Amino acid sequence: MVQAAVAVTQWLAQADVGLQRFGEYELDPAWNGVSIVWSQAGRSLRAYGLTDHPNILGGVLAFALILLLAWLAAREDEPRHAPAAVTVQGVFLLGLAGLLLTFSRSAWLAFAAATALAAGLAVYAHRRRMLAGGVGLLLAGAIMLTPLVWRSLPYLGVRFNLNGSFEQVPYEKGSLGERAVLNQVANQLFVENGLIGVGLGAFPVALRVARPDYPFTFQPPHLVILEAAAETGVFGALFYALAMSLP
């Protein structure tokens with residue numbers, strides 16, 4: 001049974017399901033530029049879904065999972081075996097598997113932080129039934145993910161810097177180095193265009209024009225507040241910071 005679960009989750013992670021007309025990429029972990037996790041066990045393709053990058057899929061899934069938890073929490077007094085609740089719980093468990101397969105540390109952190117905040121609010125409001133339901137659902141997810149986690153242990157170790165993988169694994173070391181350089185260049189573009197920025201969504205083009213010798217892929221910085229500052233200027237960055245903090 002465990003072997004069957006591993007086989008299914010591996011197929012879900014790397015199979016081409018023929019949705020190219022809807023945006024699915026034809027990907028191979030051996031291709032340059034494809035987002036992978038590398039370890040001594042080999043190269044594992046990170047889950048893209050229909051997005052441009054696994055980190056985008058991870059962010060979407062993390063946000064969606066919190067919304068599903070909120071939907072279930074709002075119906076804490078209804079029977080847990082109701083068809084709608086069972087369906088949402090099943091979608092939630094599948095979403096957890098998808099979130100794991102993105103290997104997105106930022107998405108994992110966002111989901112963990114939001115879940116912890118929700119649990120803290122439930123404790124503060126003395127919503128014991130809500131808290132028990134959420135804990136039970138997360139435990140079910142942990143049990144379901146056990147075979148997948150077991151298969152992915154070498155890659156998870158790399159993502160969590162076990163045995164100094166950030167310095168020992170060339171792919172991880174290169175990725176972190178690229179982000180540092182990209183953030184530095186993005187900061188320079190912000191300084192040069194501090195009032196109005198380079199234009200919404202135009203950072204890769206501006207980067208190519210300003211730094212044609214840039215040694216990596218022309219893409220936005222991973223730090224979103226820095227991207228907002230570079231593209232929309234100081235006022236755009238201020239409004240973005242307010243939008244993130246005020247709610």
Side-chain angles (χ1 to χ4, degrees), residues 1-25 27 35 37 44-123 125 127-153 155-156 159 247:
M1 182 176 179
V2 172
Q3 292 179 347
V6 170
V8 170
T9 50
Q10 185 174 8
W11 180 85
L12 288 173
Q14 301 189 7
D16 179 350
V17 295
L19 296 178
Q20 281 74 30
R21 68 174 58 188
F22 298 105
E24 182 189 11
Y25 291 124
L27 300 170
S35 186
V37 183
S44 179
L45 179 66
R46 297 173 61 189
Y48 275 72
L50 300 181
T51 67
D52 289 335
H53 193 276
N55 287 342
I56 299 176
L57 177 61
V60 170
L61 287 175
F63 187 70
L65 290 173
I66 294 302
L67 291 181
L68 292 178
L69 280 178
W71 187 92
L72 291 170
R75 289 157 176 78
E76 60 177 318
D77 295 329
E78 297 181 4
R80 295 177 183 176
H81 57 273
V86 172
T87 301
V88 171
Q89 290 168 9
V91 172
F92 179 87
L93 295 177
L94 289 175
L96 279 180
L99 180 61
L100 176 66
L101 292 171
T102 65
F103 290 98
S104 174
R105 288 174 295 227
S106 57
W108 293 343
L109 179 61
F111 176 72
T115 303
L117 177 61
L121 292 174
V123 172
R127 307 288 289 273
R128 296 181 179 179
R129 180 178 174 84
M130 178 193 300
L131 184 62
V135 171
L137 187 59
L138 291 175
L139 286 176
I143 295 172
M144 186 199 71
L145 291 180
T146 298
L148 183 57
V149 171
W150 181 260
R151 183 194 72 86
S152 305
L153 278 179
Y155 308 108
L156 293 172
R159 297 301 281 174

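Since we're looking at a predicted model, the values are computed, not measured.
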- Item | Side chain proximity check, Leu137 to Leu93, heavy atoms < 4.5 angstrom | yes
- Query: With a 4.5 Å limit on heavy-atom distance, are the side chains of Leu148 and Leu101 in contact?
  - Reply: yes
- Message: I need the minimum non-hydrogen distance between Ala85 and Trp71, along with the two atoms involved.
- Response: CA-CZ3, 4.0 Å
- Query: Does Leu138 have any side chain to side chain contact (heavy atoms under 4.5 Å, CB included) partners at least two apart in sequence or in another chain, and if so, which?
  - Reply: Phe92, Phe111, Thr115
- Give the minimum heavy-atom separation between Tyr48 and Thr51, together with the two atoms involved. O-OG1, 2.6 Å
- Of the non-hydrogen atoms in Leu96 and Gly141, which two are nearest, and what is the gap between them? CD1-CA, 3.8 Å
- Side chain of Trp108, backbone of Leu99: donor and acceptor closer than 3.5 Å? yes
- Note on the structure: One should read off an interatomic distance between Leu61 CG and Leu94 CG, to the nearest 0.5 angstrom, of 10.5 Å
- Item | Ala47 to Leu57 - nearest heavy-atom pair and separation | O-CD2, 3.6 Å
- Message: Which heavy atom of Arg46 sits nearest to which heavy atom of Ser104, and what is that distance?
- Response: NH2-CA, 3.6 Å
- Message: Which heavy atom of Ala107 sits nearest to which heavy atom of Ala62, and what is that distance?
- Response: O-CB, 3.8 Å
- Item | side chain to side chain contact (heavy atoms under 4.5 Å, CB included) partners of Val135, counting only residues at least two apart | Leu131, Leu139
